Amino acid sequence: MRATASGLRLARRLGSPPPGWTTAADVIVVGSGIAGLTAALRLRRRVPRVLLVTKTVLSSGSTLWAQGGVAAALADTDSPQAHLQDTLVAGAGLCDEAAARALVTEGPDRIRDLIALGANFDLGADGQVLLTREGGHHADRIVHAGGDATGAEISRALVAALEAVREDPGIEVIEQALVLDVLTGAPDGDGRAGPACGVSLHVIGEGSRDGVGAALGKAVVLATGGIGQVFSSTTNPKEATGDGSAAALRAGAELADLEFVQFHPTVLWLGAGARGQQTLVSEAVRGEGAHLVDVDGARFMLGRHELAELAPRDVVAKAIVRQSALTGTDHVFLDARHLGKAFLDERFPTITMALAEHGYDLAEDLVPVAPAQHYHSGGVRVDLRGRSSLQGLYAVGETSCTGVHGANRLASNSLLEGLVFAHRIADDIAGRVEGGDLGAVDPQERAGLVGLVGASQRVRVQKAASAGPGVIRSAEGLAAAATQLAAITHRHSAAADVLASSAEWETTNLHQVASVLTLAAELRAETRGGHYRQDFPSTDDDRWRGRTAVWVTPDGAVATRFRGL
Ligand SMILES: Cc1cc2nc3c(=O)[nH]c(=O)nc-3n(C[C@H](O)[C@H](O)[C@H](O)COP(=O)(O)OP(=O)(O)OC[C@H]3O[C@@H](n4cnc5c(N)ncnc54)[C@H](O)[C@@H]3O)c2cc1C
């Protein structure tokens with residue numbers, strides 16, 4: 001184990017006015033994607049009172065946008081063991097095998113639960129769920145809905161199930177509620193962070209739930225999704241600003257594997273100035289035979305990898321960045337014209353519609369594409385029960401790091417992770433609440449800096465993150481990004497009544513996540529999975545077969561640790 005202090009310091013609380021109202025529940029669930037909704041629905045039946053809060057509306061988050069499907073060994077010819085094998089290979093030696101085993105073993109039952117809840121997956125003529133295959137899977141095990149609209153159907157079914165019980169006194173839902181910080185109790189005698197006992201949140205509402213308040217609970221479940229907006233372009237929706245990871249960090253919890261970011265190679269390129277969520281063109285389009293060509297019309301993936309355009313995502317993403325540089329542009333083209341309009345419209349209705357909004361037709365046009373951030377394998381480090389390093393704090397879904405993805409996520413394992421671990425968390429919390437292991441704790445003001453980064457700095461944060469811990473990384477590029485991020489000024493204040501807006505709170509979260517991600521990417525001097533260092537192009541098992549962790553000490557210093565497996 002190697003532990004070091006980094007020299008980086010971070011605020012331990014967001015600047016905000018003091019809570020003007022307080023509410024309480026047994027468990028506070030933050031986020032309403034697949035992970036948060038699944039956890040809340042199961043907890044509702046197991047603890048007296050659950051509070052679900054979500055930043056915008058119930059259907060918000062990446063879940064709604066998922067196209068391909070959910071992986072689970074449902075076919076007679078498939079097995080959890082085979083699914084495990086594929087997951088471990090994709091994870092490049094860093095998967096937590098026990099967590100991955102739980103994922104693949106419990107996955108099929110969780111899919112059946114979803115079907116029982118009302119999710120309509122695509123069925124074959126025999127009435128059985130249709131299973132397809134995606135990159136890295138050696139069996140047909142991807143369940144999908146509406147062709148390429150799987151996430152929308154899952155979200156619809158979960159939101160409908162929640163709406164059906166919304167009047168139940170055992171559950172309260174607050175929408176338009178941006179969680180700011182995880183509230184913590186008194187630190188222990190050794191100065192270690194105190195237990196989680198609720199959240200502070202800003203609600204755009206009416207009456208008693210308006211403005212900044214506090215929601216107190218015996219356990220807090222962070223299900224806030226990804227960090228995509230840290231980068232200039234991403235497939236993630238606007239809510240994906242890494243709020244859960246940043247809040248956990250400020251509260252003293254450990255984050256792990258932050259350097260492992262998956263960049264999707266084929267995202268619609270709308271010009272150098274395009275920011276935020278961009279349209280994903282699924283690899284299934286390449287799977288059906290579409291080619292990648294550079295601006296001169298050359299098929300540059302031929303000869304670069306035996307699978308050509310169907311090489312692993314990181315290989316294709318790197319090749320696109322390099323080919324774009326060679327041809328003096330920042331994009332290449334996807335050519336699906338030979339597949340024909342009738343086929344493309346039927347097979348890819350969502351993608352066809354999304355591209356049409358930008359004036360592109362897969363059947364007639366070369367579609368400009370470039371890599372964009374897509375998925376974060378790292379996050380709040382949790383164990384098999386979803387417990388973080390902080391008593392009472394849980395994390396689930398993309399904001400968590402269970403270790404199932406290791407250094408790279410196998411396609412369609414992320415929705416499954418949300419389902420499986422939300423279920424586990426609900427059971428763990430219910431047992432602990434009932435057994436008295438989790439009780440009410442009074443929040444204490446945390447020592448350390450209070451921070452806010454102005455919303456005008458958002459683009460600077462995104463540019464630094466894209467140039468530093470982007471698709472192609474190097475010590476030089478990462479050091480430059482770290483310097484740029486450190487130069488971004490904070491409105492630090494010891495006063496508790498700083499006036500702020502959602503944009504400032506989110507920008508502070510983006511800045512903190514970008515800073516620790518850059519640090520983790522600097523630390524890992526090798527190439528593995530989603531982490532490509534051009535100055536260390538090989539995988540170094542002797543030195544780096546293990547996991548990195550980052551946390552903030554009570555005085556605001558950022559510490560890092562590497563633990564070999
Ligand atoms: C375009 C696209 C396609 C994808 N395709 C697939 C696929 O085919 N298969 C697959 O397995 N995975 C896919 N993924 C990844 C997968 O969709 C996500 O990893 C998964 O949906 C994450 O679920 P989640 O519940 O953790 O988070 P999300 O679904 O992102 O939900 C997060 C929730 O937290 C809320 N929130 C965030 N911050 C706060 C805050 N501060 N306060 C309160 N609430 C907050 C959000 O509003 C949202 O409700 C895809 C992702 C994208 C973007």
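Throughout, numbering of the chain's residues begins at 1 and tracks the sequence. Since this is a predicted model, take the numbers as computed values, not measurements. First listed ligand is number 1; within each ligand, the first listed atom is number 1.
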Considering non-hydrogen atoms of the protein only, which is the closest contact for [atom], and what is the distance?
{"atom": "atom 35 (C) of ligand 1", "answer": "Gly31 CA, 3.6 Å"}
{"atom": "atom 42 (N) of ligand 1", "answer": "Val179 N, 2.9 Å"}
{"atom": "atom 4 (C) of ligand 1", "answer": "Ala66 CA, 3.4 Å"}
{"atom": "atom 15 (C) of ligand 1", "answer": "Ser414 OG, 3.5 Å"}
{"atom": "atom 27 (O) of ligand 1", "answer": "Gly225 CA, 3.3 Å"}
{"atom": "atom 30 (O) of ligand 1", "answer": "Ser62 N, 2.8 Å"}
{"atom": "atom 38 (N) of ligand 1", "answer": "Asp243 OD2, 3.5 Å"}
{"atom": "atom 26 (O) of ligand 1", "answer": "Glu398 N, 2.9 Å"}

Requested in this report: Applying salt bridge (Lys or Arg N to Asp or Glu O under 4.0 Å), run through Asp181 and Arg12 and close with a yes or a no.
Outcome: CA-CA 9 Å; Asp181 268 308; Arg12 298 200 64 226; over 6 Å; no
Indicate yes or no: at least one non-hydrogen side-chain atom of [X] is less than 4.5 angstrom from one of [Y].
{"X": "Arg49", "Y": "Ile171", "answer": "no"}
{"X": "Leu64", "Y": "Pro237", "answer": "no"}
{"X": "Phe263", "Y": "Asp314", "answer": "no"}
{"X": "Leu419", "Y": "Glu106", "answer": "no"}
{"X": "Leu114", "Y": "Arg110", "answer": "no"}

Considering distance alone, does some N or O of [X] sit under 3.5 Å from an N or O of ligand 1?
{"X": "Arg409", "value": "yes"}
{"X": "Gly68", "value": "yes"}
{"X": "Gly69", "value": "yes"}
{"X": "Leu415", "value": "yes"}
{"X": "Pro237", "value": "no"}

Should you measure from each heavy atom of [X], which atoms of ligand 1 turn up under 4.0 Å away?
{"X": "His374", "answer": "2 (C), 3 (C), 4 (C), 50 (C), 51 (C), 52 (C)"}
{"X": "Ala223", "answer": "32 (C), 33 (C), 34 (O)"}
{"X": "Gly397", "answer": "26 (O)"}
{"X": "Ala177", "answer": "42 (N), 43 (C)"}
{"X": "Tyr375", "answer": "19 (O)"}
{"X": "Val30", "answer": "42 (N), 43 (C), 44 (N)"}
{"X": "Leu178", "answer": "41 (N), 42 (N)"}
{"X": "Gln67", "answer": "3 (C), 4 (C), 5 (N), 8 (O)"}

Query raised in the report: Lys55 pairs by side-chain contact (heavy atoms from CB on, under 4.5 Å) with which of Lys238, His202, Glu506?
Result: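 With Lys55 as partner, side-chain contact (heavy atoms from CB on, under 4.5 Å) holds for just one option, Glu506.
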Query - Audit row: Glu417, Arg424, salt bridge (Lys or Arg N to Asp or Glu O under 4.0 Å) steps and yes/no - result: CA-CA 11 Å; Glu417 184 191 31; Arg424 287 181 150 249; over 6 Å; no
Query raised in the report: For ligand 1, does Leu280 get within less than 4.0 Å through its side chain, its backbone, both, or neither, judged by non-hydrogen atoms?
Result: side chain
Report summary line: Logged contact type for His264 with ligand 1, heavy-atom cut-off 4.0 Å, is neither
Report yes or no: do [X] and [Y] form a side-chain donor-acceptor pair below 3.5 Å?
{"X": "Thr507", "Y": "Arg458", "value": "no"}
{"X": "Asn408", "Y": "Gln262", "value": "yes"}
{"X": "Arg275", "Y": "Ser233", "value": "no"}
{"X": "Asp86", "Y": "His137", "value": "no"}
{"X": "Ser232", "Y": "Gln462", "value": "no"}

Please confirm whether [X] comes under 4.0 Å of ligand 1, counting heavy atoms of the residue only.
{"X": "Gly418", "value": "no"}
{"X": "Thr399", "value": "no"}
{"X": "Thr235", "value": "yes"}
{"X": "Thr150", "value": "no"}
{"X": "Ser412", "value": "yes"}
{"X": "Gln278", "value": "no"}

Query raised in the report: Are Glu175 and Arg166 ion-paired here, with the side-chain N under 4.0 Å from a carboxylate O?
Result: yes
Query raised in the report: Looking at Asp257 and Arg381, does any basic side-chain N land under 4.0 Å from a carboxylate oxygen?
Result: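 Looking at Arg381 together with Asp257, the answer is no, because their closest N to O distance does not fall below 4.0 Å.
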Query raised in the report: What is the minimum heavy-atom distance between Gly146 and Pro349, and which atoms define it?
Result: O-CG, 4.2 Å
Query - Closest approach of Ala455 to Ala503 (non-hydrogen atoms, all atoms of both residues) - result: CB-CB, 3.7 Å
Query - Option set Thr63, Leu201, Thr56, Val57, criterion heavy-atom distance to atom 21 (O) of ligand 1, minimum - result: Thr63
